[in-house]
Structure formats: structure tokens, C-alpha cells
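The next block holds one structure in the form of C-alpha cells; read it before the comments.
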Amino acid sequence: MHDLILKNVSFSYPGGFLAVDDINMEIKAGENVAIVGQNGAGKTTTVKMMNGLLRPTKGDVLIGDMNTKDYTTAQVSRVVGYVFQNPDDQIFHSTVESEVRFGPKMMKLEPEEENSRVEEALKITGMDKYREENPYNLPLSTRKFVTIAAVIAMNTDVLIFDEPTAGQDMEGNKRLADILRILHKQGKTVITISHDMEFVSMNFDKVIVMAKKKIVRTGTPREIFWDMDALDKAMLKQPYVSRVCRALGIEGGVICIEDAINEIMSRENV
Amino acid sequence: MAVVIECKDVTYYYPLTEKPAVEDLNLKIESGKFYGVVGENGAGKTTFCALLRGFAPGFYKGELKGEVLVEGKKTIEYGGELSAKIGYVFQNPFTQISGVKDTVFEEVAYGLENFGVPVEEIERRVIEVMKMTDIEALAEKNPFDLSGGQMQRVALASVIVLEPDILIIDEPTSQLDPEGTESVFRIIKALKDRKKTIILVEHKIDLIAEYADEVLVFEKGHLIKSGDKEKILSDISLLDRGVSLPQVAILGAKLKEKGFPLRKIPVTEDQAVRMIRESLKEGKQDA
Ligand SMILES: Nc1ncnc2c1ncn2[C@@H]1O[C@H](COP(=O)(O)OP(=O)(O)OP(=O)(O)O)[C@@H](O)[C@H]1O
Ligand SMILES: Nc1ncnc2c1ncn2[C@@H]1O[C@H](COP(=O)(O)OP(=O)(O)OP(=O)(O)O)[C@@H](O)[C@H]1O
Ligand SMILES: [Mg+2]
Ligand SMILES: [Mg+2]
């Protein structure tokens, strides 16, 4: 299995803009982690280095015993799959099924293996019902699931989802939560970037906060969402129910509706 | 208030489709109001926007039944003038970027240039809007060398700068951090205070509850609710129809279910805090 380690990693874009400044990060094999933080903090840049799309200008990105420096992007992307922030950067085929089949096909698997991966990926993302559709006739939010299916079908040990919650409705968020749970059960390492504080508070054990090219803090949702200083630095907010509780003077680390109900009811009965 | 846009028995089919994306729509949009458009993925929100702006059927083709009137005139009878009346922010910011400009500053100025606005005025307006949307620091960057959220801010800025009377804005905060999201709502509110008509599609229902005047709820191509936001967003039964409701409304409903005394279902954070605080106080006095 592959632990993911970033050691003193920096990245400058061609032209010289420094986007990530000397960060250290460790994600254990099988962990389910969220990355949150300010626009432009360097989240996308960081995860693109994990999948070999970008190479650190300083430091090392280690995936298990692979140093991404010594491998091609194609090699790294067989271990770490990346779902782009903008689905339209990723979609090149005229049907959903051919889009999802492309990755496994390139791997030259046995036909049964190829088929079963495609079917499984279509099924867990709910995209099986659109298999013959042109992805561009689907709403953007659904197109995102097409790209998620395409990456799942690659069956990599590590999967990275860049802003999958953007533009999703309730149902979409539920489906995402299910997908994360399934992948976690399969022992995959999953890294999700999101700006949806409710979603993050409900679906992850570990949260990495980034701001201004750096990591601000790593912790559990309960720690992060009551660390006002870290939240401020990263332009984040508490989940709504935490905000309500805080305004009521209930500071018991509330991060979800159930917590809030318990705390409020316990005060009613005193 | 004056009606600026009206939909009369509107049904619309994308090319080669058998099911309409919007069906039997009747609606009046009043001048100077802020409408929040909500509903499930695929419900027809973007199609609705495209209809108001005339992109459907103008650009997408397909078949339109009924009429969409902007200031009394059918959208299909307008030429280019609609682009001056209605500002339109696309759902995917990546498609809004013109691709012909090398810097963010020029990108934001592009529309004004096309409208033949004098250079000094362009500069003044662009600088002001870049401040407002917090993208000043990006002025010299290439519009394609931006993070997702930065690009979304640029897309919004490049439309706001045109100061159209009507703004149709399709999910402008989907890529934004929470602070940036709230600031966009504050900007839109400020535009409304300047008498602009706003049609905003959003999944961030808690902020719609806070800022919009009226809510339009779409489900499977149909407008199923429209009107006062408090009434609609406190209707818990909508959850079962896939419509998301504010977190505080869900909290309120669940508290009530457990016997906690609340006068009604709150829809904004302030209301929730006030109502819960009152109830807790009364509880103490009774005891
Ligand atoms: N191709 C590029 N060339 C130069 N600078 C870039 C390029 N891509 C991104 N940047 C800059 O690098 C910084 C980090 O961008 P990145 O996309 O990693 O941010 P992010 O944390 O993912 O933000 P968001 O939440 O908005 O997606 C930003 O300031 C951005 O302007
Ligand atoms: N260009 C197109 N061609 C064919 N069908 C389309 C096209 N664009 C949208 N549709 C279909 O029309 C319906 C309404 O889509 P629309 O994009 O308006 O939904 P939406 O409410 O904006 O969804 P979302 O929240 O995902 O943005 C969907 O069933 C969609 O698949
Ligand atoms: Mg990003
Ligand atoms: Mg849409």
C-alpha cells in the first residue's frame, strides 16, 4: 500500500509564480481526507503534484516508495487518479461509456476485467443510466460524475477529487458521500477538495486546511471547525448549525444537526 | 412593480429531444427584485436562464412554444440589443473567459470595449469592479492561469462591470470559498439596492434565504413554487421532493419534532438564534 508524503514541497508555475511554498503533508494509505481553504491557496496545484501532472520545483512527492521525480506522469497516474476541478478539461469522448472505458482500455486489461471495471464505475456513480448519452448534453453537475466514474474505472490505489461538491444538489452530495464510503471500504486512499463545510464536517475524519500557499492546520472536523483563527486565515466558515450554537453560547464542538439538537435539548431541560 | 420579463405558456425542447427541459412555464419577473432560482440538478434552472436571455432557442436552437417577453418584446424578435439589457454569467466560469485577452484586467474591460465606452471610463469601472470582487491582485495574470475560484470571480466581474439593468447569474459561487461566497451575495444585494433586477441560480440555499426576495423552485422542468422565500423555505415537505432547505430550517423542524417549543421554522441564522434563545429563556422562567 502507498502512503503519500510531501517533503518540503514548493511549486512555481512557468513564469515564476510561486503557488505552493515549502509544505509538508502525510496521508496514510486508506485514509479519507479533505483539503479545504481559500481560493488560490494552492490546493489544486498541490494535488496535481500528487498525480504527476505537475512536478515539484523543490522537495519530494513520495507515493509509497515511488518518488514522482523518477516516474512519468503516465506511470504515476496508474497509482494516483485525479478528477479535474473542471470536468470539461477531462472529457473527450462522445458517450459516457466510451469516456469511462478509455482508461481501462489504455491499460490493455483482459476484456472481462475491462468490462467489470467500467460497469462497476458506472454503477456506483449512477451514470449507468446515461451510458449512451453525449456527456455534453448532461448538466455540468452530472458531467462531474462522468469524470469521477472515469477515474474510478482506473482502479488506482489513491483517488483525488477536486471540488466534486461544486454545484451538486442534495442527491448529488448524498451520492458523493456514498462513493467516498465505498472507496474507503475498498481500502482506497481518497483525497477530496471541497468548499462545502457541511459536506466536509459530515464525511471526513481528517481535514487539511490551506491558505496562502501553506498548510494552516490539520485536524478532525471538530477541531478545525472550532478553530476560529484557522478558519479566518483560510476564508472558511463554520457549518451553519455551529454558527447558530456559537451565537447561543453553546461551544461544545457542535458540527452537525444532531450535535446541535442534543446540545439545545439538554439546555431546555435544565 | 413593473414587469420586465414575462413567460407565457413556455415549453422548450432542446434539439433532438422528446422531453421538454422546461414545460408550461408562466411567470412574471418584476423590476428591481432579487429572485433566487433553486431546485435539483437537471431541473431546468439553466435552461430557464437561457430562455430569459434568448439563448434558447437563439443559440441552442430547439423548439420554443409560447413566448418569452423582455420589456414587452419577444426574445426571438430581438437582435443584439438583449446583450446590453441583460448581463449573463454562465454556470461554468471556464466558458465565460473570452480567450482573446492576455490579462485579467483586459478580460474584465473587454465587454465595455465592445460597447464603445470611453477609455478613461473603462479604467475607472474596471478598477472599481475588480476591487469589489477581490481580484485586483490578479490584474496582470493571464485569465487562464487562475485557480477555479479566481476564474469564477473574473467571470462575474466581467459581467457586473457592464452595469446591465437585468442580471442573470447562474451559480456564481460554486467554486468559491465560504468567505468569497458571502461576499458575492453581498455584491449582488448591493446591485439590487441599485435597482437592478437579479435572477440568481444557487444551490447554497442558506444564503438565498438570507439575501433573496423571492424564490423560484424548479422540479423536472416545472416551476413548482414561486413567491415569498420564508414561506417556501420553511416548507419541510419540499425536502422529500429533492429541494434543499436551509440548515437552520432543518434544525428547527427537528427540534420541533422533539417537542422543543418554536413559534415557527426559521430560515435564516439570525431567526434561528433569536427563536431558540427566546424558547430557552421561557423554558427557564417556567421552571
Ligand atoms: N497556470 C498557471 N500559471 C500561473 N499561475 C497559476 C496557474 N494556475 C494557477 N496559478 C496560481 O496559483 C495559485 C494557486 O492556484 P490553485 O489552482 O492551486 O488554487 P486552489 O487552492 O485550487 O484555488 P481554488 O479554490 O480557487 O480552486 C493561484 O494564485 C493561481 O492564480
Ligand atoms: N444542450 C442540451 N441538449 C440537450 N439536453 C440538454 C442540454 N442542456 C441541458 N439539457 C437537458 O435539459 C434538462 C435541464 O438541464 P439544465 O441544465 O437546465 O438543469 P439545471 O437545473 O440547470 O441543473 P444543474 O443544477 O445541474 O445546473 C436536463 O435534463 C439536461 O440534461
Ligand atoms: Mg482549485
Ligand atoms: Mg444549471
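It should be emphasised that the depicted structure is a prediction, and the values quoted were computed from it without experimental measurement. Sequence lines set the chain letters: A, B, ... in the order given, protein chains first and strands last, and positions in each chain run from 1.
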Measuring from [X]:[atom1] to [Y]:[atom2], what's the distance to the nearest 0.5 Å?
| X | Y | atom1 | atom2 | answer |
| --- | --- | --- | --- | --- |
| B/I276 | A/I264 | CD1 | CD1 | 4.0 Å |
| A/L138 | B/N41 | CG | CG | 11.0 Å |
| B/N92 | A/R143 | CG | CZ | 6.5 Å |
| B/S183 | A/M235 | OG | CE | 9.5 Å |

(request) List the steps, then state whether side-chain contact (heavy atoms from CB on, under 4.5 Å) holds for A/L140 with B/F90. (result) CA-CA 11 Å; A/L140 186 64; B/F90 288 91; over 6 Å; no

(message) Please check this pair: side chain of B/D177 against backbone of A/N39, looking for a donor-acceptor N/O pair closer than 3.5 Å.
(response)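 Judged by distance alone, yes, a pair lies under 3.5 Å.
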
Side chain / backbone / both / neither for [X] at chain A, heavy atoms under 4.5 Å:
| X | answer |
| --- | --- |
| B/L239 | both |
| B/K141 | side chain |
| B/E182 | side chain |
| B/S174 | both |

What residue in [options] has the most heavy-atom pairs under 4.5 Å with chain B?
| options | answer |
| --- | --- |
| A/S141, A/G249, A/G37 | A/S141 |
| A/M197, A/K43, A/Q85 | A/Q85 |
| A/I261, A/N137, A/N86 | A/N86 |

(message) Can you give me the closest heavy-atom contact between A/A247 and B/R277, atom names plus distance?
(response)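 Heavy atoms of A/A247 and B/R277 come nearest at O-NH2, 2.8 Å.
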
(message) Can you give me the closest heavy-atom contact between B/G42 and A/P139, atom names plus distance?
(response)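 Reported closest heavy-atom pair: CA-CG, 3.9 Å.
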
(request) Kindly check if the number of other-residue, nucleotide or ligand heavy atoms within 6.0 Å of CE (A/M202) is above 12? (result)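 Open: at most 12 neighbouring heavy atoms sit under 6.0 Å from CE of A/M202.
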
(request) Find out whether B/L207 and A/Y240 are in side-chain contact, i.e. whether some heavy atom of one side chain is under 4.5 Å from a heavy atom of the other. (result)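 Touching, per the 4.5 Å side-chain cut-off.
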
(message) For a 4.5 angstrom cut-off between non-hydrogen side-chain atoms, does A/L236 reach B/P178?
(response)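 A/L236 reaches B/P178 side chain to side chain.
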
(request) Under 4.5 Å, counting heavy-atom pairs only, tell me which of B/E40, B/E171, B/Q175, B/Q150 racks up the most with chain A. (result)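 Among the listed options, the one with the most contacts to chain A is B/Q175.
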
Side-chain donor-acceptor pairs of residues 240-263 of chain B under 3.5 Å, sequence neighbours excluded:
residue : atom : partner : partner atom : Å
B/R241  : NE   : B/E219  : OE2          : 3.4
B/R241  : NH2  : B/E219  : OE1          : 2.9
B/K254  : NZ   : A/E258  : OE2          : 3.4

(message) I need the contact set between residues 159-169 of chain A and chain B: heavy-atom distance under 4.5 Å, sorted by residue number.
(response)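 The list, in residue order, reads A/E163, A/A166, A/G167, A/Q168, A/D169.
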
